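Per chain, numbering begins at 1; letters A, B, ... match sequence-line order. Because the structure is a prediction, the values reported are computed rather than measured.
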Protein chains: 2
Amino acid sequence: MAYEGGTGSTRAAILKEARRCFAERGYEGTSLNDIAAGVGIRRASLLHHFPSKSAIYQAVFEQALADWGERISKSVDEPADPEEEGWTHVDRVLTEAVRWFAENRDFVRLVRHESLADGSHLGFDLGEALRPYFQRAVNYFEREMGAGRLRKLDPEQLIISGYGAVLTYFSDEHFLRGLLGRDPMDEKAIESRIQAIREFFRAALEP
Amino acid sequence: MAYEGGTGSTRAAILKEARRCFAERGYEGTSLNDIAAGVGIRRASLLHHFPSKSAIYQAVFEQALADWGERISKSVDEPADPEEEGWTHVDRVLTEAVRWFAENRDFVRLVRHESLADGSHLGFDLGEALRPYFQRAVNYFEREMGAGRLRKLDPEQLIISGYGAVLTYFSDEHFLRGLLGRDPMDEKAIESRIQAIREFFRAALEP
DNA sequence: GTCTATACTCGGATAGAC
DNA sequence: GTCTATCCGAGTATAGAC
């Protein structure tokens, strides 16, 4: 749990703006001036709240991963018709996940920048940190495929493919705008994307 | 066509090393010192061959896109059993493409860094530059799906999904190593990946 | 074509006044 | 907690000798 002293609001504002900047331009592409300007304070004042640039980066990730963990718990554990199984269950979790990514593009771009880098700015390994979630998903698919409720495919490879197919759309906005010649992030486009992902995975997974 | 004067070999060495560096650490993460050290000359000497850092970056992309165009022509036009159609054709082109990406990971990482960025370092829009290839693929899928030789899905969305699923594996090496707990790029792992991609798309596309 | 030397800018970080 | 002032290193780019 992060320390919350006196005026936590400045710290929160810094984290918010830093997340935006790091997501947009990556670690090297973001300067303390960029963050400070967004918050409305001076560069030196940032370093009253955090000891260094990389400390800000790490704090942004701690918060982002906490949000992610909370969201996972909600979607996978909590509600859910208990008889929900096979494709119906996958479809619901997938759809909720895609909607969350669409609404949290900063998170997606942050993760993608870090995945593409060599991890030297983050104090820990992002892949290792996400491995428990990954393993849980692998176990789920193994069970459902073994029971014949989903088509038999390699679960690890399936999840990696899904990860790439889903996250790329929301991370590479500028590229897709050029490729498609239209705005890939307006409401209608995002809804089309969600439906396309659902149909694609249904075609691949329904036995 | 790029100018080739007297000692083209230094220029070529610079481009080769620059491609490696930009692919590994992106535009901001690469310094002229990094490139110069790899070539075995001094920073100032780079600027005898290219007017600026961004000019080197642009030249790297020109060359990379030329390689890409050449490769596309070979695989799509040239050989091919003329009666090859439907999934059989897609499978061959897909497999050849994935193998090429596996062997040209610098190209993949270069493209992904640029896709994730806002395009301000490149003199042109990468998405627009690739649009003709994209349109050609879209037209192909429309034809085959219309003829009932492939399952009907949205062609644009399908290609974007494939783009994300295929390229992510070869760009996010460090992340995948942490996620899987093993080397995702050894020969066996890559062969498994290729087979998994083929099976996944076969499941989704075979009518 | 490559080098050294240098100019200039920017980024991260610290010291100390208010 | 925020500021100004300052230090230091790294980065891009240029000038000019060899």
Expressed as a whole number of angstroms, how long is the span from [X]:[atom1] to [N]:[atom2]?
X: B/Arg11; N: C/dT2; atom1: CZ; atom2: P; value: 13 Å
X: B/Glu28; N: C/dC10; atom1: CD; atom2: P; value: 15 Å
X: A/His49; N: D/dG1; atom1: NE2; atom2: C1'; value: 6 Å
X: A/Arg42; N: C/dA13; atom1: CZ; atom2: C1'; value: 16 Å
X: A/Ile41; N: D/dT4; atom1: CD1; atom2: C1'; value: 15 Å

Neighbour count >12 (heavy atoms, 6.0 Å) for atom CZ, B/Arg42: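 No.
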
Taking the side chain of [X] as its heavy atoms from C-beta onward, which of [options] lies nearest to it?
X: A/Ala44; options: C/dA15, D/dG11, D/dT2; result: C/dA15
X: A/Leu47; options: D/dA13, C/dT14, D/dG1; result: C/dT14
X: B/Ser31; options: D/dG11, C/dT4, C/dG12; result: D/dG11
X: B/His48; options: C/dG1, C/dT14, D/dT14; result: C/dG1
X: B/Ser52; options: D/dG1, D/dA13, D/dT14; result: D/dA13

Touch class at under 4.0 angstrom, heavy-atom based, for A/Leu32 against every strand present: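 Here A/Leu32 touches the backbone only, sparing every base.
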
Sugar-phosphate only, base, or nothing, as touched by B/Thr30 at under 4.0 Å among non-hydrogen atoms: sugar-phosphate

Any A/Leu205 side-chain heavy atom under 4.5 Å of A/Leu158 side chain: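 Contact flag for A/Leu205/A/Leu158 side chains = yes.
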
Any B/Asn33 side-chain N or O less than 4.0 Å from OP1/OP2 of D/dG11: yes

Short side-chain N/O contact from B/Ser45 to OP1 or OP2 of C/dC3, under 4.0 Å: yes

Side-chain-base donor-acceptor pair under 3.5 Å for A/Arg43 and C/dG12: yes

cation_pi(A/Lys53, A/Phe22) dist<6.0 Å, angle<=45: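 Negative - A/Lys53 is either too far from the ring of A/Phe22 or too far off its axis.
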
Row check, B/Tyr163 ring normal vs B/Arg112 NZ/CZ: under 6.0 Å, within 45°: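 Judged by the rule (NZ or CZ under 6.0 Å from the ring centre, within 45° of its axis), B/Arg112 counts as positioned above B/Tyr163.
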
